[in-house]
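Here is the structure we will look at.
Below, chain A is the first sequence line, B the second, and so on; all start at residue 1. What you see is a predicted model; the values in this text were computed from it and never measured.
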Protein chains: 4
Amino acid sequence: MSKSEQKLTKKQIAIIEAATELFAEKGFSATSTSEIAQKAEAAEGTIFKHFKSKKGLLMSVVSPITVEFYGPMIKKDLDKVFDKEFEYYQDFIRAMIENRKIFIQNNLPVLRILIQEIPFHPELKEQFIEQVGKDIIERIRGIIRFYQEKGQMVDIHTDTIIRTVASTILSYIVARYVLIPEARWDTEEIETERIIQLLENGLSKKK
Amino acid sequence: MSKSEQKLTKKQIAIIEAATELFAEKGFSATSTSEIAQKAEAAEGTIFKHFKSKKGLLMSVVSPITVEFYGPMIKKDLDKVFDKEFEYYQDFIRAMIENRKIFIQNNLPVLRILIQEIPFHPELKEQFIEQVGKDIIERIRGIIRFYQEKGQMVDIHTDTIIRTVASTILSYIVARYVLIPEARWDTEEIETERIIQLLENGLSKKK
Amino acid sequence: MSKSEQKLTKKQIAIIEAATELFAEKGFSATSTSEIAQKAEAAEGTIFKHFKSKKGLLMSVVSPITVEFYGPMIKKDLDKVFDKEFEYYQDFIRAMIENRKIFIQNNLPVLRILIQEIPFHPELKEQFIEQVGKDIIERIRGIIRFYQEKGQMVDIHTDTIIRTVASTILSYIVARYVLIPEARWDTEEIETERIIQLLENGLSKKK
Amino acid sequence: MSKSEQKLTKKQIAIIEAATELFAEKGFSATSTSEIAQKAEAAEGTIFKHFKSKKGLLMSVVSPITVEFYGPMIKKDLDKVFDKEFEYYQDFIRAMIENRKIFIQNNLPVLRILIQEIPFHPELKEQFIEQVGKDIIERIRGIIRFYQEKGQMVDIHTDTIIRTVASTILSYIVARYVLIPEARWDTEEIETERIIQLLENGLSKKK
DNA sequence: AATGAATGAGCTTTCATTCAT
DNA sequence: TATGAATGAAAGCTCATTCAT
């Protein structure tokens, strides 16, 4: 679909898909390139022809998501926020979660890999921050300030709010999809509402 | 100090310490036994004399924490609730965080390893759950219900509350100590208060 | 210029030139075909279209020299020797060195490859001997005998003399251009004179 | 015998011997570590335990010779010159060749490797020069000057003389043992005399 | 209890070569 | 003629593990 994928051969796509599955399942270090080759029905040499190294393959697995995750977000959703100017920040958060939910569900394996491997590969974090940081963080800061000035949100440091919201959402994803998927979970909708409710009352300025 | 450590020789302790540092830094799979031996200034064979296998070493690194983490918790804090020392659940949570804070800070590497490796080693999770589940979860459920009946907490499923509290705390630890330690963080005290405030208003039943 | 090069395409020439440089610099075995392709700005497949195998490429790199080295020599220079009939053998040797000097300097990389690889590729030696042996050696033997009969040269076995002259010259080339190029060398002219002087007095029959 | 060899295990010695044979026969790059392991009846891992890398093995194969070759030379032969045991430089050269002949014959494979690989491994040359250069070259210079002042040798630059002698001897060894061993060679004694005769008359100052 | 030499399976990576386009 | 994706064998090297000392 995206430009970067157009030039990939069938074998390359098969390799990336196999690697994604295996990295998510067993972890990057515990996955061997021969396993990947086997699963992708490709020769081991083919992997290194195209991705140079195992780490290069990891980057190719993980890179698109950092682009795609924020790419559409900027152009469609964030603009929508400014256009629509949600009256309550809760609606803004709900819209964001709603919008990214499908994406997250479709890309869960890659997100798992990203979360697992970030502590061990500084480049991953840097690449992620570079993609996100430059544009998004700044715009989100603006939005948060907008709601703070409206008197809806507490007056603590903007970045702390962003961190709190982000880590609350992330912790739900990690708990549900990585750590304890076997626990009894409610439907996505209910859990989402619960998160929003938690954030809502916790961060709201009370009159 | 603890019983399990009394019988360990100096070399065994050195090996466990070296393994802890390396597993935390590079991940279990990406750490080699020879590296561990070198860092511990022990022979490669010595590791296998005592820990049988690399995975056995992982268990020896991680096991004590599952015991030590919950041991003190049961005897002191949980009982205090029923002694009515904490009228409000916020105080109970604050006390628990306070109490475990030092322990967490002292054992951060092992906790990192535990969080990182749980998805790949079912035994780890089982062992963890066995330690916690049998005794603690049941008692905590009782405590939550205690505050629910008192009309202090929302009437959602008890386990969901536990999960929310746990993952909120966990996500703070991971964010601060694993993912983005370089961000500007306030003092532990302030951050703790913020977490409690978030949980407090989010979970309180409003009159 | 030569017949054998007339039919070569630009790509083929580029490949041979790249291979020559790399074989000389790193050795035949330590050079990979992909490196050659890259340096020649050709596709990997192109090499094998034209040269069948890596060894075939080596032969194509080295072959022309065995032909060219002796081809022109036979027809022009060696005949000149018989025509002119140098009075002293020193002049014959000097003429030969003088004449081949430019060629050697122009083809040093290929000569390096030839010297380096001969011990490992019997075919190279055989090809070399076939080119040289059949015609030249026999003619040179005649010339040496001519000077021996004239009473100018020592009466040891003709081939030993050839070998001595050849290896003296060769050892100078190897020392100057392969082993210790960084040593302080005099000009080619002076070094040449020194070689001739060494051979002259060493091989001359004293009255 | 030597100190450095005392600590080597049987397997290590077997590996060095196998490597020596194979490097000499097929060249360093064209020899695989698995071949070496097979010939040495050792596991491939054992090679890398002790020699770290294939290149490390090459150094271990070649290193001792640079030490052993020059060690005895200093103490015995060079001193004799100043003890006036050699009135003529021819006798000095003859003694040196004589003395090193057995060593050379015993260590021919390693010498072959050294000569073959020096152009591709700068460290080899540096190590060689370090061993020789510091002590020996300076002493040999003194000796040459000694015979020059005695009026026995030509007055060209001392280093040029050294180079000429060295490369004459080397070229004989290479020709006889590396390039064309199948040619009809006289006995070592006769060939040695021929070399000396070549050098003698070529370098002697004529009255 | 502790060592470290030895192992061989398996790792990531490179190689010369083939073939459809 | 020229390409470059694809191959699989083999390369150099690392690994967890064993065992005689």
Side-chain angles (χ1 to χ4, degrees), chain A residues 7-12 14-15 29-37 40-57, chain B residues 8-12 14-15 29-38 40-57, chain C residues 8-12 14-15 29-38 40-57, chain D residues 7-12 14-15 29-37 40-57:
Chain A
K7 290 182 181 175
L8 297 179
T9 63
K10 281 173 195 171
K11 275 278 143 78
Q12 277 169 295
I15 288 166
S29 260
T31 303
S32 76
T33 50
S34 79
E35 274 177 292
I36 297 166
E41 291 182 72
E44 228 173 321
T46 311
I47 293 175
F48 292 90
K49 251 284 131 92
H50 295 297
F51 304 98
K52 259 198 110 163
S53 71
K54 196 186 166 189
K55 195 154 190 175
L57 178 55
Chain B
L8 296 178
T9 64
K10 280 175 194 171
K11 273 279 142 76
Q12 277 171 293
I15 288 166
S29 258
T31 302
S32 76
T33 50
S34 75
E35 270 178 296
I36 297 167
Q38 208 179 325
E41 292 182 71
E44 297 202 37
T46 311
I47 292 176
F48 292 89
K49 260 270 141 75
H50 296 298
F51 304 97
K52 235 193 131 175
S53 70
K54 193 186 168 190
K55 195 153 192 174
L57 178 54
Chain C
L8 296 178
T9 64
K10 279 174 195 170
K11 274 279 143 76
Q12 277 170 295
I15 288 166
S29 259
T31 303
S32 75
T33 50
S34 76
E35 270 178 296
I36 296 167
Q38 208 180 325
E41 290 181 71
E44 297 202 37
T46 311
I47 292 175
F48 292 88
K49 260 272 142 71
H50 295 299
F51 305 98
K52 231 191 138 177
S53 71
K54 194 186 167 190
K55 196 153 193 174
L57 178 54
Chain D
K7 290 182 182 175
L8 297 178
T9 64
K10 282 174 195 170
K11 275 278 143 78
Q12 277 170 293
I15 287 166
S29 259
T31 303
S32 76
T33 50
S34 79
E35 275 177 292
I36 296 167
E41 292 183 70
E44 224 173 326
T46 310
I47 292 176
F48 293 91
K49 237 318 94 108
H50 295 297
F51 304 99
K52 260 198 106 164
S53 70
K54 196 186 166 190
K55 195 154 192 175
L57 178 55

*Are more than 12 heavy atoms from other residues, nucleotides or ligands located less than 6.0 Å from atom CD of B:Glu35?*
yes
*For the residue pair D:Glu41 and D:Lys11, what are the closest heavy atoms and their distance?*
O-CE, 3.2 Å
*asked:* Side chain of B:Ala42, heavy atoms from C-beta onward: which of E:dT3, F:dT3, F:dT17 has the nearest atom to it?
replied: E:dT3
*Starting at CZ of B:Phe51 and ending at C1' of E:dA2, how long is that distance when rounded to a whole Å?*
13 Å
_D:His50 side chain near E:dG4 phosphate (N/O to OP1/OP2, under 4.0 Å)_ = no
*What is the distance from CZ of C:Phe48 to P of F:dA6, rounded to the nearest Å?*
18 Å
*Listed by chain and number, what are the salt bridge (charged side-chain N to carboxylate O under 4.0 Å, His left out) partners of A:Lys55, not counting sequence neighbours?*
A:Glu123
*State whether B:Thr9 places a side-chain N or O below 4.0 Å from either non-bridging phosphate oxygen (OP1 or OP2) of E:dA1.*
no
*Return the value, rounded to whole Å, for the distance between atom NZ of B:Lys10 and atom P of E:dT3.*
13 Å
_Spacing between A:Leu57 atom CG and E:dT13 atom P, to the nearest angstrom_ = 10 Å
*Check for a donor-acceptor pair, side chain of C:Lys52 on one end and backbone N or O of C:Ile47 on the other, with a separation under 3.5 Å.*
no
_First of A:Ala43 and C:Thr46 reached from the 5' end of DNA chain F, by closest nucleotide_ = C:Thr46
*Can you name the nearest heavy-atom pair linking A:Ser29 to B:Ser29, along with the distance?*
CB-CB, 3.4 Å
_Please compare C:Lys52 and B:Ile47 by the position of their nearest nucleotide in DNA chain E and report the one closer to 5'._
B:Ile47
*Going through the checks in order, is the side-chain contact (heavy atoms from CB on, under 4.5 Å) test met by D:Leu57 and D:Thr33?*
CA-CA 10 Å; D:Leu57 178 55; D:Thr33 50; 5.7 Å; no
*Range-with-range stems for DNA chain E, at least three Watson-Crick or G-U pairs under 3.5 Å*: E:2-21 with F:2-21
*Check every strand shown and say whether A:Lys49 touches a base, only sugar-phosphate, or nothing at a heavy-atom separation below 4.0 Å.*
base
*Expressed in angstrom and rounded to an integer, what is the separation of C:Ile15 atom CD1 from F:dT3 atom C1'?*
11 Å
Table of protein N/O atoms under 3.5 Å from nucleotides 9-11 of chain F N/O atoms:
none

*asked:* So B:Ala37, base contact, sugar-phosphate only, or nothing? Heavy-atom distance under 4.0 Å.
replied: nothing
*Using atom types as modelled and distance alone, determine if a side-chain donor or acceptor of B:Lys54 lies under 3.5 Å from a backbone N or O of B:Thr31.*
yes
*Would C:Glu44 and A:Lys49 count as a salt bridge (Lys or Arg N to Asp or Glu O under 4.0 Å) if you check the C-alpha gap in whole Å, the side-chain angles of each, and the deciding distance to 0.1 Å?*
CA-CA 12 Å; C:Glu44 297 202 37; A:Lys49 251 284 131 92; 3.2 Å; yes
*Which comes earlier along DNA chain F counting from the 5' end, the contact point of A:Gln12 or that of B:Lys55, where each point is its nearest nucleotide?*
A:Gln12
*Whole angstrom value for the distance that separates P of E:dT21 from NZ of A:Lys11*: 13 Å
